[in-house]
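Below you'll find the structure, written out as structure tokens, and then a few comments.
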Amino acid sequence: MAGEDLIASYARELSTCLGGRAAAIAAETVDHLLESVDERVRAGVDRAEAERDAIVAFGAPSEVAASYVAAGVGVPTGFTRAAGFAGLLAAGLVTGGLIVIAFANIAEWSQPWDALPRTLWSIGILAVVSGVLLSAVGAAGLLRRQGLGSWLAVVLLGVAGVTALAAWFVWLWVTALAMGAWIVAARSHRADFAPRRAVLRIGFGALLAAVVPWMVVMSRVAGASILEMDLLEEVLVQVSVALGLVIWASGVGVLGWRLFREGADEASSRFPLTVV
Amino acid sequence: MRKRSPGGQLDAMVLAILADGPLHGYAVIAELRRRSDEVFDLPEGTVYPVLHKLQQEGHISSTWSDVGGHSRRTYRITRRGTRALAEQRRSWASFRTAVSSVLGEEPWPART
């Protein structure tokens with residue numbers, strides 16, 4: 001029917017103006033317009049005229065889309081879906097990299113003269129660095145999806161990834177990671193999109209990864225020592241960083257999956273752009 | 001009465017409407033129009049970004065249902081939204097008293 005085409009085409013144009021996969025917004029718009037048309041028809045208005053009046057009363061697609069932008073409302077886009085995939089990769093790379101590093105340490109203790117530990121260590125570090133860098137992309141997508149902006153968080157996460165290459169400056173890159181993660185968590189915890197537990201894991205995991213290295217650095221600056229043996233201090237640092245990163249990665253993975261999956265779900269049959 | 005834009009108070013008015021019970025977007029707009037005696041009659045589509053923004057801020061939540069073969073989103077106020085509404089009501093009452101005082105309609109409450 002011509003009327004169904006009019007409302008459906010309006011909803012499609014609104015989605016286009018929003019520049020993303022705004023299927024949920026389009027579905028809500030269709031519901032509104034149908035109810036508006038029904039009310040006008042009940043009042044005695046001709047159906048075709050009621051549909052035109054309902055659309056006029058709703059507002060031009062460009063005007064409505066501009067009000068979403070002005071309100072800072074984020075919508076799922078191709079970028080946010082890609083950022084979600086980057087977040088999933090980040091979680092996998094960091095977790096996998098830590099496992100490889102753990103194997104590298106075991107191999108070094110059992111066969112210190114072998115080249116294998118150094119190779120495994122390099123692979124593990126590369127995986128962790130790549131994961132942290134990808135998490136910066138994921139963070140940008142998450143903030144964009146929520147209509148938030150925080151270039152600082154993205155920059156810090158990028159810095160964390162780059163400085164992780166200098167693996168012995170652990171306190172430097174875990175600090176950048178923790179600060180970036182906390183900014184993302186703080187901006188996201190009030191939002192409805194990000195599950196609170198995942199956000200808390202990101203924040204506290206990064207904090208755990210940073211706390212012990214900083215304690216060691218501060219104690220050395222003060223001329224003291226947390227533990228009497230440097231080896232035990234090193235083990236403590238590695239364990240806390242690894243544990244913190246695993247917790248952090250679990251939160252990143254959850255949010256990455258949510259971002260990635262939203263793009264596919266929203267465009268699926270859940271919100272078909274047809275008028276019944 | 002001349003139609004006006006609700007300006008920066010639209011968030012608070014939407015929360016006040018939802019405080020009385022869950023509603024979908026069309027009903028929120030109709031209630032806004034009714035309670036304001038048709039003074040606030042803005043383009044209907046511009047209210048939805050406010051609803052989505054409030055949801056992003058955690059002041060309202062929403063659920064989807066199927067109505068007549070299509071999807072409908074219904075909004076309800078959260079506890080955080082209730083607290084925000086109470087704060088905005090206090091803020092508005094203070095603002096209204098101050099403006100009325102300046103305009104000479106009401107004296108500023110005397111401090112005792």
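Treat the numbers as computed from the prediction; the structure is a model and nothing was measured.
The pair A/R12-A/D5 fails the salt-bridge criterion, with no side-chain N (NZ, NE, NH1 or NH2) lying under 4.0 Å from an Asp/Glu carboxylate O.
Looking at A/T29, there are no atoms closer than 4.5 Å to chain B (heavy atoms on both sides), in backbone or side chain.
Of the listed residues (B/A27, B/G25, B/P43, B/A30), the one with the most heavy-atom contacts under 4.5 Å to chain A is B/P43. Per-residue counts of heavy-atom pairs under 4.5 Å with chain B were compared for A/D31, A/L33, A/V56; the largest is that of A/D31.
Nearest heavy-atom pair, A/V252 versus A/I202, reported as atom, atom and distance to 0.1 Å: N-CG1, 3.7 Å.
Side-chain contact annotation: A/E35 with B/H24, donor-acceptor N/O pair under 3.5 Å present.
A side-chain donor-acceptor contact under 3.5 Å links A/T95 to the backbone of A/A91.
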